[in-house]
Amino acid sequence: MNERVQYTGIPSEAELLASPGVPSRQRLEQGPVAFIECVQEIPCNPCEEACPFGAITVGEPITNLPVLNGEKCTGCGMCIAQCPGLAIFKVHLRYKEATSLVEFPYEYCPLPRKGDRVPCGDRKGDYVADGWVVSVKNARGNDGTAVVAVEVPRACCLEVRTICRKEYR
Amino acid sequence: MGGRTVKTTQVAVIGAGPAGLAAAIEVARAGGSVTVIDENAKPGGQLFKQIHKFFGSREHRAGVRGFHIGEQLLVETRELNVEVLLDSPVYALFPDKTVGYIHDGKEVCLKAEKIIIAAGAAENALAFPGSTLPGVMGAGAAQTMINVHRVLPGKRILMIGSGNVGLIVSYQLMQAGADVAALIEAAPQIGGYGVHAAKILRAGVPIHLSHTVKRAMGKDQVESVEMMELDARWQPVAGSEKILAVDTVCIAVGLTPLTELAWLMGCEFAFVPGLGGHVPKHDLNMETTVPGVFVAGDISGVEEASTAMEEGRLAGTACAEGLGLLERERARDLKTVIWERMNALRTGPFGDGRRKAKDHLVGLPVGGYE
């Protein structure tokens, strides 16, 4: 079984580790940070301009993979809704004592509401754990791409990437 | 031409999609008179059903949803007083560059100095037992139903084809409230962007590679589909059949350029599988082998709206230059910038193939069928 993205649709662990858009473990420990799961060289660069701190670089040609500068990234999450591929997430590893905060783009109705308990899923949409919705950001500039933040058990913060659509509906 | 209305224009553009509108805007911006003719009731081609955010860079309007790009094109056409004739199917092109079309039940002849054919492409069909049952449709048709007419074609869908169309329409069907039971792909790998595949996987849609449809079953409409696995030689694997309960089958197995008008005009063609089949030969100005007849968009090779708009701009700029509306040096500068933007889209593992196919097409000698 080939685990590369063109066979699974999901970046493999090796692809994520090799991706310049994925923060180091050390950076994750330091506070909230963007987590860019863009591992194919497609012609696209809105993330570069989306970052108010210049923490994302694509450069020329625009097929370059986005490079995340962990020192410049403040974890503001402004890039999440600007990625046309919905491939940028945010992870706040040490959010509370035993939990992490994961933010992801979400374009389905109904939108969850702050305080909701929601079934959280992994990159295959499989249920991982229940999480609590901490915020739902859907400013005009998001142009319809809501950004949902869920508080989840820390152990699963690198797996959770969505609300389980099957269970949630 | 007795009894027919005869109009004149400098440039006639056939097709009011992204390529045609972009072409017309460039002609009008240079001061030319231009008429866009489209058989549909609304302009914009397929742009108004593209509710996702586009890729590319700021110059390509990346991050903007397709229908917003369409709205912007329409604003520009209005501001530049581009004439857009709708509900007007073009039925003939004559050697003297007269365009014959029907409007309001009447034949009209439009005499032009240059013609830009931006007719687009049509979805490929896939024949299998049961493929004529109601509920089997093109993915593009389903996309029109949900995003333009706001009608859900079904509740439980099987998508065939993992190119970007299959992946994106699957996602949009779920946004519209349907469930996508599975996506199947005959090839051993996903055809479209991984990020588009990731979106539907996160929503729990399984992608079955090396799988095809054996038959669709149902009394008055699709009720289920039997799918099967394919081996490395694309032959059915015995005993691999599985039945899936679905009420809709969407087919996203590629597009074919709509080339009838270019054939009619006597343009030379080449067969380039990477561009969707038979496509008119053209040069770097998008001019075909028939002087004064240009092509832009999917008719010149199936790509995407972003490249279609750039090709339209090239064709429009070249027409304006040919009409003496733009000085040669000014036109050259404009075209250089367009080509740079175009080439930026035709790079990387997904764009390289199209760029090579296009380079091949542009490099073909004129004279004889290829």
Side-chain angles (χ1 to χ4, degrees), chain A residues 2 4-12 15 36-50 58 60-65 81-89 104-109 121-127 141-145 160-169, chain B residues 51-66 68 162 164 167-168 171-172 174-177 179-180 183 185 187-207 209-210 304 306-307 340-352:
Chain A
N2 198 319
R4 283 183 295 159
V5 64
Q6 62 266 46
Y7 300 99
T8 63
I10 297 167
S12 67
E15 282 172 319
I36 309 175
E37 304 196 0
C38 181
V39 301
Q40 282 177 322
E41 295 171 316
I42 56 180
C44 191
N45 70 359
C47 54
E48 185 167 35
E49 269 181 53
V58 176
E60 297 278 344
I62 59 170
T63 42
N64 288 343
L65 295 182
Q82 305 305 321
C83 170
L86 307 191
I88 306 184
F89 306 85
F104 47 82
Y106 196 76
E107 294 186 325
Y108 296 105
C109 289
D122 63 12
R123 295 178 181 88
K124 284 178 93 171
D126 290 336
Y127 174 82
N142 288 22
D143 193 14
T145 308
V160 166
R161 288 296 177 266
T162 190
I163 294 169
C164 282
R165 187 172 172 272
K166 277 179 285 191
E167 282 80 359
Y168 190 60
R169 288 175 78 233
Chain B
I51 61 168
H52 57 282
K53 293 176 178 173
F54 277 30
F55 291 71
S57 67
R58 181 199 277 268
E59 294 74 36
H60 308 111
R61 312 214 65 215
V64 179
R65 296 186 189 275
H68 285 139
S162 72
N164 279 336
L167 297 172
I168 288 171
Y171 180 63
Q172 294 176 355
M174 289 188 284
Q175 288 182 299
D179 282 325
V180 178
L183 183 148
E185 165 62 58
Q189 68 177 63
I190 294 169
Y193 292 170
V195 289
H196 285 315
K199 287 193 295 187
I200 68 167
L201 285 156
R202 281 205 292 278
V205 178
I207 295 179
L209 299 176
S210 298
E304 51 197 43
S306 311
T307 44
E340 280 167 8
R341 286 199 305 260
M342 183 105 76
N343 288 335
L345 294 170
R346 290 179 182 155
T347 50
F350 291 91
D352 272 348

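In the text below, chain A, chain B and the rest are named by the order of the sequence lines, each starting its count at 1.
Pairing each heavy atom of A/T145 with each of B/K53, the nearest pair is OG1-NZ, 2.7 Å. Closest of all the heavy-atom pairs between A/T8 and B/L201 is O-CD1, 3.0 Å. Of all the heavy atoms in B/Y171 and A/L86, the pair that sits closest is OH-CD1, 3.2 Å. Closest heavy-atom contact between A/P46 and B/G63: CG-N, 4.1 Å. Of all heavy-atom pairs spanning A/G85 and B/V195, the tightest one is O-CB, 3.6 Å.
If you measure heavy-atom distances from A/D143 to chain B, the contacts under 4.5 Å come from both the backbone and the side chain. Proximity to chain A (any heavy atom under 4.5 Å) is restricted, for B/P188, to the backbone atoms N, CA, C and O. When heavy atoms are compared at a cutoff of 4.5 Å, A/Q6 approaches chain B by way of both its backbone and its side chain. Neither the backbone nor the side chain of B/R346 comes within less than 4.5 Å of any heavy atom of chain A. Only the backbone of A/D122 comes within less than 4.5 Å of a heavy atom of chain B; no side-chain atom from C-beta onward does. Only the side chain of A/I62 comes within less than 4.5 Å of a heavy atom of chain B; its backbone N, CA, C and O stay farther away. Residue A/E49 touches chain B through its side chain alone, counting heavy-atom pairs closer than 4.5 Å.
Taking B/H196 as the reference, B/F55, B/Y193 meet the ring-ring contact (aromatic ring centres under 6.0 Å, His included) condition, with sequence neighbours excluded. Residues forming a side chain to side chain contact (heavy atoms under 4.5 Å, CB included) with B/E59 (at least two apart in sequence, or on another chain): B/S57, B/R341.
Note: A/P84 leads A/G125, A/A81, A/P84 in heavy-atom pairs under 4.5 Å with chain B. The choice from B/P349, B/S162, B/S306 that makes the most heavy-atom pairs within less than 4.5 Å of chain A is B/P349. With chain A as partner, the option from B/R65, B/Q189, B/R58 having the largest number of non-hydrogen pairs under 4.5 angstrom is B/R65. Residue with the most contacts toward chain A among B/G194, B/A197, B/P206: B/G194 (heavy-atom pairs, distance under 4.5 Å). Most heavy-atom pairs under 4.5 Å with chain B, from the set A/I10, A/V5, A/I42: that is A/I42.
Residues B/T347 and A/E41 form no side-chain contact, since every pair of their non-hydrogen atoms from C-beta on lies 4.5 Å or further apart.
Here B/I207 contributes atom CD1 and A/K124 contributes atom NZ; the two are 10.0 Å apart, rounded to the nearest 0.5 Å. The distance from atom CD of B/Q172 to atom CD of A/E107, rounded to the nearest 0.5 Å, is 9.0 Å.
Salt-bridge formation is not detected for the pair A/E37/B/R202: no Lys NZ or Arg NE/NH1/NH2 atom is positioned less than 4.0 Å from an Asp or Glu carboxylate oxygen.
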